[in-house]
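Reading through the structure tokens given below for one structure.
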Amino acid sequence: MIPAQNVVIAGGAEIADAGGNMQAPSLSNRIRNGTLLMLAIALVLGILALPKVYLLGSAIRTTLYRNYISIEAAQHMNAALTAVQLAQRDGTLNQVLAGNRREFMYWIGVELNDITEVGEAELAHDIEWRGRALFDGLAADPQKRRDRDFTALRGRLDDLVRMNKQAMFRADSRASVLSKRLAYEYAAGLALLFLIGIALSWTLAFTISKPLAELTDRLRSFSLRGPSLRLGPQPIAELQAVAQEFNRMAERLEEFDKLNVDRLIYEKSKTEAIIESLEDGIVMVDPRGIVAHINELACIILGVEREAALGSPFDDLDSSHPHYLRVRAAVAGMREPGARQVEIELHVRGRDHTYVLKSAPLRQDHGPSFGTILILQDITYLRDKDRARANLVATLSHELKTPLTSLALAAELLERSGGNLDSRQREWVATIREEAGRMRLLADSLLGVAHGEAAAIAVRRVELNFSDLVSSVVRSFGIQAEQKQVSLRCEIAAPDLHLRGDPIKLSWVVSNLVGNALRYTPAGGTISVCAQRCDGAVRLAVRDSGPGIAPQIRDHLFERFAQWNPNGFEAGAGGLGLAIVKDIVEGHGGRIFVDSSAAGSEFTVELPVGPCDGQAAHS
């Protein structure tokens, strides 16, 4: 420890011990005194040089400004004379005389207000007198040639320019002399400051280097292990303060070393509390496969005891519980490339639960791995929602079958009594039967999906006449088009456009496209449905005269739940129609695209004619 009799005066220049003996001044006083001396010399140098700098600036200002204005005025007056002389030669003097006279008089006025040299005033007045006489003579007799007067006046203007140029050269010489003298004085002052700085730095270096070298040797022996070293008195007040702070730091390090273990234990406990508060099962495995931590929920899910699991290899826990065995097998399967997560069905706490098992490596940035975290995330609530949704679909599909059957039967009875119906009514009845049959097939497909018979509505492959299918679907929209006052045309290039596909699903495609066109086409508009053969494929084009599709919507048009509501038009049912159309078309191995402008939109579907392995179309 530092001896008690040594006291550092915080703001003073000296150190006094108990006996009152005064020591050398502090380092701060030495630096302050030397700095103040250098600043004083610099201040005196600046006070002496400031008037000369001002004179130098005044000379430069006189050189570059006032004489330059006189030269510029002479040039403008010369230009005015030249313009008048050329105009007299060309016979246009009356047009330019007044303007150039004003120009000449303006610049001679500027010159008279900017007299700087001896004799310049008389020369300026002479120029003014000659200019007035010349312009008065030209105004009185424009035809008379006055070349001698022009030449004389230009000579006087040249004298004015020459006088101011010589003045500029003289001012430049004075400024040059003054600047050289100022440079020599500054150089002398800087040399003095340089010498004082060398002396001060040499003295300070000698005063500081030896005590610092001794202090460095003592600091080298310092170690965090073992007894802490203490520094004794120092010869300089600032070094004495450093020694005191070093001793205090050593004491604090000793206290910190005692608290370090307690801090680590606290951080570990806090981390474990965070892991325990999570609603997922967490298992931390170190790089050797040893269980480093497992929370209570993971113990319940796996059916193991925490004390038995900690410190044991995860692949060889002392447990034969079926949950642990299934999770262990799933973890082994996830070690294969590409396996990220897996779902596991487990019976926990009296009911079936669905867990997603995830494996996440513990790594900081790109450093080495600290192990792996196994996460058992409970997604039972999501599966419950899926089952509820499937039950709802099954219920709706089942309940739809009865009214659809009744509707189809009523339409069939009406069709049998055809004698009492005209041709238009028979067409309506046929449309009702076709749509009822299509809806019944859709209800059967949805019921099959709800019962788990298929993960999607599959695409069947049968031979069909696409021309008849398109004509039938377009005909079913005739009544809606008539009510909306829209012209609906069907143009079939050939009556035998045969291909292999699912007639029900393809009728959905045509129905959705025509229905969308009818929805967004205003009264008086036109919808054209064209079908033709093109390059080994059948092409269907549905064109409308609606408002077109906004560019920001066009890229997302075939996504689920994408809708666009232009002003004055009703929105679709749920934004699923075009997404279903795209899935069905791609399920047939085809493609769909759209072209749109302010004059309307055109949806084009291309379907291959030959057999194709298409994917199932999701609804």
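Just so it is clear, the structure is predicted and the values come from calculations on it, not from any experiment. Values reported hereafter were calculated over all heavy atoms of this structure, with side chains retained and with hydrogens, waters and symmetry mates removed. In this chain, residues are counted from 1 in sequence order.
Closest non-hydrogen pair, T354 versus E343, comes out as CG2-OE1, 3.8 Å. Residues A523 and V486 come closest through the heavy atom pair CA-CG2, 4.5 Å. Nearest heavy atoms, L488 versus V474: CD2-O, 3.6 Å. Nearest approach of I294 to R306, heavy atoms of both residues: O-NE, 3.2 Å. For the pair V470 and C490, the tightest heavy-atom approach, listed with the atom from each and the gap, is CG1-SG, 4.2 Å. Across all their heavy atoms, L357 and A330 have their closest contact at CD2-CB, 3.7 Å.
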Check your understanding: For D280 and L376, what are the C-alpha separation, side-chain angles and deciding distance, and is it a side-chain contact (heavy atoms from CB on, under 4.5 Å)?
Key -> CA-CA 6 Å; D280 299 327; L376 287 163; 5.9 Å; no

Exercise for review: Could you walk me through whether D352 and L346 pass the side-chain contact (heavy atoms from CB on, under 4.5 Å) test, one step at a time?
Suggested key: CA-CA 6 Å; D352 292 333; L346 300 175; over 6 Å; no

Exercise for review: Check the pair D315 / R328 against side-chain contact (heavy atoms from CB on, under 4.5 Å), numbers first and verdict last.
Suggested key: CA-CA 7 Å; D315 293 337; R328 185 179 67 180; 4.1 Å; yes

Point to revise | From CA spacing to verdict: side-chain contact (heavy atoms from CB on, under 4.5 Å), V283, I373 | key: CA-CA 6 Å; V283 181; I373 294 181; over 6 Å; no

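Summarising the geometry, atom CG belonging to D286 is positioned 9.0 Å from atom OG1 belonging to T372; distances are rounded to the nearest 0.5 Å. Between the CZ atom in R489 and the SG atom in C530 there is a gap of 8.0 Å [rounded to 0.5 Å]. Of the inter-residue distances, the one linking S467 atom OG with L497 atom CG reads 3.0 Å to the nearest 0.5 angstrom. The OH atom of Y324 sits 12.5 Å away from the SG atom of C299 when rounded to the nearest 0.5 Å. Annotation: the span from I584 atom CD1 to W508 atom CH2 amounts to 6.0 Å, rounded to 0.5 Å. Expressed to the nearest 0.5 Å, how far CG of N465 lies from NE2 of H498 amounts to 4.5 Å.
Between H323 and H321, the angle of the ring planes goes over 60°, which puts this pair in the perpendicular group of the 30/60° scheme.
Of the possible donor and acceptor atoms, one in the side chain of S312 sits under 3.5 Å from a partner among the backbone N and O of A308. The backbone N or O of V348 sits less than 3.5 Å from a side-chain atom of H353, completing a donor-acceptor pair. The closest donor-acceptor contact from the side chain of S472 to the backbone of L469 lies at 3.5 Å or more, if one exists at all. When atom types are taken as modelled, the side chain of H76 and the backbone of Y106 share no donor-acceptor pair closer than 3.5 angstrom. A donor-acceptor distance shorter than 3.5 angstrom exists from the side chain of R500 to the backbone of R461, with no hydrogens or angles considered. Not one N or O on the side chain of R543 forms a donor-acceptor pair closer than 3.5 Å with the backbone of G600. Without hydrogens or angle criteria, D544 side chain to T526 main chain gives no donor-acceptor distance under 3.5 Å. Between the side chain of S476 and the main chain of V473, a donor-acceptor pair closer than 3.5 Å is present.
When the shell of 6.0 Å around CD of E305 is examined, it contains 12 or fewer heavy atoms from other residues, nucleotides or ligands. Residue D318 qualifies as open at atom CG: its count of foreign heavy atoms under 6.0 Å is 12 or below. When the shell of 6.0 Å around CD of Q95 is examined, it contains 12 or fewer heavy atoms from other residues, nucleotides or ligands. Counting heavy atoms of neighbouring residues, nucleotides and ligands inside a 6.0 Å radius, atom CZ of R383 exceeds 12 of them. Surrounding CD of E491 are more than 12 heavy atoms belonging to other residues, nucleotides or ligands, all under 6.0 Å away. Annotation for R288: atom CZ does not count as buried by contact number, only 12 or fewer foreign heavy atoms lying within 6.0 Å.
For F466, the ring-ring contact (aromatic ring centres under 6.0 Å, His included) test picks out no residue, with sequence neighbours left out.
Side chain to side chain, D378 and T380 meet the donor-acceptor criterion of an N or O pair below 3.5 Å.
Inter-residue side-chain proximity for L506 and H588 is flagged as met; some heavy-atom pair is nearer than 4.5 Å. Taking 4.5 Å as the limit, some side-chain heavy atom of R539 sits within range of a side-chain heavy atom of T604. Contact of the K358 side chain with the L374 side chain is not registered, since no non-hydrogen atoms from C-beta on lie closer than 4.5 Å. Side-chain atoms of R554 and V594, non-hydrogen and from C-beta on, do get closer than 4.5 Å to each other. The closest side-chain heavy-atom distance from F314 to I290 is not below 4.5 Å. Side-chain contact between Y520 and S601 is absent, with no heavy-atom pair separated by less than 4.5 Å. Here the side chains of I492 and S471 are in contact, with some heavy-atom distance below 4.5 Å. Between V342 and V356 there is no side-chain heavy-atom pair separated by less than 4.5 Å.
With respect to E345 and R326, no salt bridge is recorded, no charged nitrogen being found less than 4.0 Å from a carboxylate O. At a threshold of 4.0 Å, the pair E482-K484 does not count as salt-bridged, since none of the basic side-chain nitrogens sits closer than that to a carboxylate oxygen.
Residues in residues 522-536 take part in no salt bridge (charged side-chain N to carboxylate O under 4.0 Å, His left out) pair, two or more places apart or across chains.
For the side-chain contact (heavy atoms from CB on, under 4.5 Å) with F603, the lone residue among N516, V581, L578 that qualifies is L578.
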